[in-house]
Amino acid sequence: MASQLEPWNHLGNKVVMVTGASAGIGREFCLDLARAGCSVKDPLDLTEDEWNQTFRTNLTGSWLVSKHVCIRMRDAKQGGSVINISSIAGLNRGHLPGSVAYSASKAGVNIMTKVMALELGKHKIRVNSISPGLFKSEITESLMQRDWLSTVALKTVPLKTFGTIDPALTSLARYLIHDSSEYVSGNIFIVDAGATLPGVPIFSSL
């Protein structure tokens with residue numbers, strides 16, 4: 001019954017390439033998909049090199065990987081699914097100071113996702129992106145241990161908590177890989193417990 005309700009839990013016939021798999025969200029994605037069977041700076045102080053490096057990593061890197069993978073998908077004539085990892089920083093809500101290059105690059109990833117979905121649909125290639133909020137991982141472990149963060153979650157996050165990558169993000173990735181999402185393309189999936197919905201309320205007790 002579970003396999004019928006959630007067929008994306010079994011992806012034995014899928015070939016997946018995960019970039020940025022050495023740490024954080026990328027690493028958790030890689031581990032989970034294997035189990036499923038798949039083969040702050042002031043903008044005035046930001047240097048041009050730092051800006052370029054951020055864009056090379058977040059936007060150019062995503063484009064180059066997608067380009068070369070999609071060429072193979074096109075030539076194989078079997079379609080496929082591309083999942084870009086963006087961030088809530090790239091949305092039109094929830095912006096924070098000190099992230100001008102990062103936010104701009106992730107906004108670029110979202111626009112790239114939509115245009116690629118338009119252009120690659122004729123090859124049966126679906127393109128979506130996931131915009132995560134704050135998640136527990138080895139990168140954020142020390143931050144998550146701070147008491148004030150729980151207070152922030154209780155005061156500002158609709159679901160009153162911060163999630164874990166598995167299953168909050170990994171289950172969505174499995175769904176987007178599975179054929180049951182064959183009609184889903186060009187979407188930005190926000191996974192942040194609703195944190196960016198109200199903006200940033202100001203509480204005197206925070």
Side-chain angles (χ1 to χ4, degrees), residues 5-11 13-21 24-26 28-30 32-33 36 38 54-95 99 101-135 158 163 165-197 199:
L5 294 176
E6 298 181 340
W8 48 85
N9 283 333
H10 304 284
L11 301 170
N13 63 334
K14 300 296 181 182
V15 178
V16 179
M17 182 172 68
V18 180
T19 62
I25 292 173
E28 292 293 330
F29 273 151
C30 197
D32 179 76
L33 293 173
C38 291
T54 301
F55 268 75
R56 280 196 299 268
T57 300
N58 294 339
L59 184 54
T60 306
S62 295
W63 168 68
L64 285 172
V65 171
S66 297
K67 173 186 175 179
H68 291 289
V69 169
C70 288
I71 288 173
R72 291 181 175 271
M73 288 180 179
R74 178 200 63 191
D75 294 346
K77 301 184 186 305
Q78 294 182 350
S81 174
V82 174
I83 306 170
N84 293 314
I85 303 303
S86 185
S87 168
I88 57 172
L91 304 174
N92 60 349
R93 64 194 206 201
H95 296 146
S99 61
Y102 180 80
S103 296
S105 66
K106 290 300 188 178
V109 170
N110 289 338
I111 295 300
M112 180 184 73
T113 295
K114 294 178 181 181
V115 177
M116 287 182 69
L118 280 171
E119 296 176 342
L120 299 178
K122 62 185 178 184
H123 302 299
K124 303 300 180 185
I125 298 173
R126 298 178 291 108
V127 188
N128 295 282
S129 77
I130 298 175
S131 291
L134 184 60
F135 279 86
I165 295 169
D166 186 10
L169 296 177
T170 54
S171 58
L172 176 55
R174 288 190 187 200
Y175 167 68
L176 292 174
I177 292 169
H178 194 268
D179 292 343
S180 58
S181 66
E182 65 180 358
Y183 204 58
V184 179
S185 191
N187 293 280
I188 313 301
F189 290 89
I190 304 169
V191 188
D192 69 348
T196 58
L197 285 172

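Values below: all heavy atoms of this structure, side chains included; hydrogens, waters and symmetry mates excluded. Count residues from 1 along the sequence.
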S.K.: Using every non-hydrogen atom in the two residues, find where Ser105 and Phe55 come nearest and quote the distance to one decimal.
M.R.: N-CZ, 3.6 Å

S.K.: Which distance, rounded to the nearest 0.5 Å, do you find between the CD1 of Ile130 and the CD1 of Ile85?
M.R.: 4.5 Å

S.K.: Tell me whether Arg56 at atom CZ has more than 12 heavy atoms from other residues, nucleotides or ligands lying less than 6.0 Å away.
M.R.: yes

S.K.: Which heavy atom of Asn84 sits nearest to which heavy atom of Ser66, and what is that distance?
M.R.: OD1-OG, 3.5 Å

S.K.: Quick one: closest heavy-atom pair of Leu120 and Cys70, and the distance?
M.R.: CD1-SG, 3.6 Å

S.K.: Given side chains that start at C-beta, do those of Arg126 and Val82 come closer than 4.5 Å, heavy atoms only?
M.R.: no

S.K.: To the closest 0.5 Å, what do you measure between OG (Ser103) and CG (Leu91)?
M.R.: 9.5 Å

S.K.: Write down the atom of Gly194, the atom of Pro158, and the distance for their closest heavy-atom approach.
M.R.: O-CD, 3.1 Å

S.K.: Between NZ of Lys122 and CZ of Arg74, what distance do you get to the nearest 0.5 Å?
M.R.: 9.5 Å

S.K.: Ignoring hydrogens and geometry beyond distance, is a side-chain donor-acceptor pair present between Thr54 and Asn58 at under 3.5 Å?
M.R.: no

S.K.: Between Ile188 and Lys114, does a side-chain contact (heavy atoms from CB on, under 4.5 Å) hold up when you go through it step by step?
M.R.: CA-CA 8 Å; Ile188 313 301; Lys114 294 178 181 181; 3.8 Å; yes

S.K.: If you measure from NZ on Lys77 to NZ on Lys124, what distance do you get to the nearest 0.5 Å?
M.R.: 13.0 Å

S.K.: Judged by atom type as modelled, is there a donor-acceptor pair below 3.5 Å linking the side chain of Asn128 to the main-chain atoms of Asn187?
M.R.: yes

S.K.: Within the 4.5 Å heavy-atom criterion, are Ile83 and Leu172 side-chain neighbours or not?
M.R.: no

S.K.: For Ile125, is there any backbone N or O sitting under 3.5 Å from a side-chain donor or acceptor partner on His123?
M.R.: no

S.K.: Can you give me the closest heavy-atom contact between Ser62 and Val109, atom names plus distance?
M.R.: OG-CG2, 4.5 Å

S.K.: Testing Ser86, Ser131, Ser185, Ser129 one by one against Thr113 for a side chain to side chain contact (heavy atoms under 4.5 Å, CB included), which residue passes?
M.R.: Ser129

S.K.: Show your working on side-chain contact (heavy atoms from CB on, under 4.5 Å) between Leu197 and Asp192 and close with a plain yes or no.
M.R.: CA-CA 9 Å; Leu197 285 172; Asp192 69 348; 5.9 Å; no

